[in-house]
Novice: 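Below you will find the structure I want to go over with you.
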Number of protein chains: 2
Amino acid sequence: MAVTISDVAKLAGVNSSTVSRVINGKASITQETKERVYAAMKELDFHPNSLARSLASGLCGAIGVVVDARDAEAFSNFFFSRSLFAIEQVAQEKGYQVIIANGAQSKGRTIESLMKERKVDGLILPPTTVNPSLMEAIGDFPYVVLGTPDTLRGATCWVDNNNEQGSDLAVHHLQEQGYQHIAYLGGNQKRGFTIRRVRGYKKTITGEELIIPTDGTTENAYSTVLEILEKKDRPDAFVCNDNMAAFGLLKACKKLKIRIPSEVGIVAFDNYPLAEYTDPPLTIVDIDTGMLGDQAAQLLFRRIDKRCGNQQIMLSTNLIVRESSERLAK
Amino acid sequence: MAVTISDVAKLAGVNSSTVSRVINGKASITQETKERVYAAMKELDFHPNSLARSLASGLCGAIGVVVDARDAEAFSNFFFSRSLFAIEQVAQEKGYQVIIANGAQSKGRTIESLMKERKVDGLILPPTTVNPSLMEAIGDFPYVVLGTPDTLRGATCWVDNNNEQGSDLAVHHLQEQGYQHIAYLGGNQKRGFTIRRVRGYKKTITGEELIIPTDGTTENAYSTVLEILEKKDRPDAFVCNDNMAAFGLLKACKKLKIRIPSEVGIVAFDNYPLAEYTDPPLTIVDIDTGMLGDQAAQLLFRRIDKRCGNQQIMLSTNLIVRESSERLAK
DNA sequence: ATTAGTTGTGCAAGCGATTGCATGATATTG
DNA sequence: CAATATCATGCAATCGCTTGCACAACTAAT
């Protein structure tokens, strides 16, 4: 058996509750007693059993991050992994563990189990899981949605990048650079963030609207856009829903020997490491997923500590201007 | 307070130990009793407190995945995230949680805490953390290293892709395609897997050896290889340590108008989603990170169930032949 | 010197399950 | 039909820690 708190107590010549108090830095304990306890802990190589602690204290010291990943692709999505890194960092500072769980196959049962079986003190959820029945089950359990839910926007607690504003930034920039006919390329038009980006595009655009959906792959973007570029009245600029679409577009332009940025300008959402190294480098609406994760985790801990209720945090996006859209000399 | 096992027992008119046995499917319980208990559980919306369970049973129902990530980049590394996806899947089937922890800043303290504070029943570790003192601390606690440790290869438990064999595959293929002067491009020459890949390259190569280290970025690979390609006696083929190096190489060839695969052949390790869409598409030594995670998790659970001791599992790699190395007509 | 207020520590009752042992009720066997 | 084995269930200890309450010792105020 492992070393317990009473072993330490015995060795230090005190009661186990005193040891507990020393561990948790509670109440007033004589410096001398403290030192005796610490010495005993060190001598016995004592590590408190976190399960027993949690059971007694009612706090489990873990938060859950739920993903909605049908395949490895979605999971390795760098959006997710960067947020996760940030979340883990915040949790570590707080002395919390991070539990990840894929909720894709389970229709809310993953979330329920994490919560009701007392495995976590709080949850970070993907927007796709939000629905009225889940929210009812959650009750006042601390959670934060990472992204804007499609329903219950006002009644839930979430952190998101401002996708509308991102499109606005992109379109404005392209207009300033003198592009006239700006199209929106890519994205599953059913997903919330795409809808919001398209909405921002529509709101800001002055000329003719053109929305070109894709299935999310580079290949599909390539073939789809190829046709469009061959037309006479082709757009002279594109806002791309993601880097995949942009890569496809780059390839199509290369194929047709269309020069970038002089003939066609490109701005893309998301900042893949590779976006900097394409030819030419891509102008990007930077979605700072690290910050997103950080903010979500901070907010979650505030809720766990009962220091706030539902909140909606919208982070603004930044434009990183690179060659793909710089038609005007600086 | 939450619903407890004794509430259920009371409602079902049985003892709490009976309820416990029903939950755990233990011993022989009358069908009728079982049904009464199930009904009571449903009526009260009972969820067993996993903390109390773990404390009593001695099993925590979680495994830990330790990462060694200094920055978000390393963390979002798709190698890691794909493995993680697979690990989570295996764990979920077993009813286990997955705890992730970044051990980068803590010099083994993360691992020690996870293990000794009874937070997990087993650990999946990165090869970089392996050293004699850690192994001593671990003792016979179940763990699996994901990758080959640089030290203690024979005395630890790990799962890895066969990097040497991967290089062998690559070089052989290039030789078959008639390339004569094959160079090895990229990689931090201090990292274990790079060393093993280079070893495989050296072993299989017949002509002149040429090893070109890079700092891992596309940019560095580009500038480094540009110089080399301008020389007269440049290599006519490259084995790239990773996709980043290959992207840099592609860019350099394009710049110098060197045709691929007729003038220069390329094979690269790792299978980024993008590798299929480059121009030309890259021939790849496929590192199946999903399988790696799957095998590691399976092995870990075997160890947790005490069904095996240290084991070393080496998965062989596959070559995915695409245009970048196909000089001969098929 | 008496009273009141701190302070440091011990006692013991939880937290919510699991599980070995005991027991009474059935089933099996000669 | 007595004796034995098997089955279904209850009792109570246990897992290792936290924490409210009690209390003695000491300080400060009147």
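Each chain gets a letter, A, B and so on, in the order its sequence line appears, and its residues count up from 1.
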Novice: Both Ser16(B) and Ala52(B) contact DNA chain D. Which one's nearest nucleotide lies toward the 5' end?
Specialist: Ser16(B)

Novice: So, Arg302(A) and Gln311(A): side-chain donor and acceptor under 3.5 Å apart, yes or no?
Specialist: yes

Novice: Tell me the interatomic distance from Arg53(A), atom CZ, to dA17(C), atom C1', rounded to whole angstroms.
Specialist: 20 Å

Novice: How about Asn162(B) and Arg196(B): does a side-chain donor come under 3.5 Å of a side-chain acceptor?
Specialist: no

Novice: Quick one: is dC15(D) close enough that its OP1 or OP2 comes under 4.0 Å of any side-chain N or O from Ser57(B)?
Specialist: no

Novice: For Val14(B), which contact category applies under a 4.0 Å heavy-atom criterion: base, sugar-phosphate, or nothing?
Specialist: sugar-phosphate

Novice: Calculate the interatomic distance between Leu55(B) atom CG and dC15(C) atom C1'; express it in whole Å.
Specialist: 9 Å

Novice: Whole-Å distance between dG20(D) C1' and Arg21(A) CZ?
Specialist: 9 Å

Novice: So, Thr128(A) versus Asp68(A): side-chain donor-acceptor pair below 3.5 Å or not?
Specialist: yes

Novice: Assuming nearest nucleotide by heavy-atom distance, tell me which of Leu51(B) and Thr18(B) is located more 5' along DNA chain C.
Specialist: Leu51(B)

Novice: Would you kindly give the NZ-to-C1' distance between Lys119(A) and dA17(C), to the nearest whole Å?
Specialist: 14 Å

Novice: Going by distance alone, is a donor N or O of one side chain under 3.5 Å from an acceptor N or O of the other, for Glu35(B) and Gln31(B)?
Specialist: yes

Novice: Does dT9(D) have OP1 or OP2 under 4.0 Å away from a side-chain N or O of Asn15(B)?
Specialist: no

Novice: So, does the side chain of Ser17(A) form a donor-acceptor pair with the base of dC11(C) at under 3.5 Å?
Specialist: yes

Novice: How close or far is atom P of dC17(D) from atom CD1 of Ile23(A), stated in whole angstroms?
Specialist: 7 Å

Novice: Within the supplied structure, the quantity of interest is the number of heavy atoms (other residues, nucleotides, ligands) at a distance under 6.0 Å from Lys10(B) NZ; does it exceed 12?
Specialist: no

Novice: Is Ser20(B) touching bases, backbone alone, or none of the nucleic acid, heavy atoms closer than 4.0 Å?
Specialist: base

Novice: Respond yes when some side-chain nitrogen or oxygen of Ser6(A) is under 4.0 Å from OP1 or OP2 of dG16(D), and no when none is.
Specialist: no

Novice: Just how far, in rounded Å, is P of dT9(C) from CD of Gln31(A)?
Specialist: 11 Å

Novice: Is there a side-chain polar atom (N or O) of Lys26(A) under 4.0 Å from OP1 or OP2 of dT19(D)?
Specialist: yes

Novice: What is the distance, to the nearest angstrom, from the CD1 atom on Ile29(B) to the P atom on dT19(C)?
Specialist: 13 Å

Novice: Between dT18(D) atom P and Leu59(A) atom CG, what is the distance in whole Å?
Specialist: 11 Å

Novice: Counting side-chain heavy atoms from C-beta on, which of dT9(D), dC17(D), dT19(C) comes nearest to Ala56(A)?
Specialist: dC17(D)

Novice: Determine the contact category for Thr33(A): base if any of its heavy atoms lies under 4.0 Å from a base atom, sugar-phosphate if only primed atoms, P, OP1 or OP2 are that close, otherwise nothing.
Specialist: sugar-phosphate

Novice: Under 4.0 Å between a side-chain N or O of Asn49(A) and OP1 or OP2 of dC15(D)?
Specialist: no

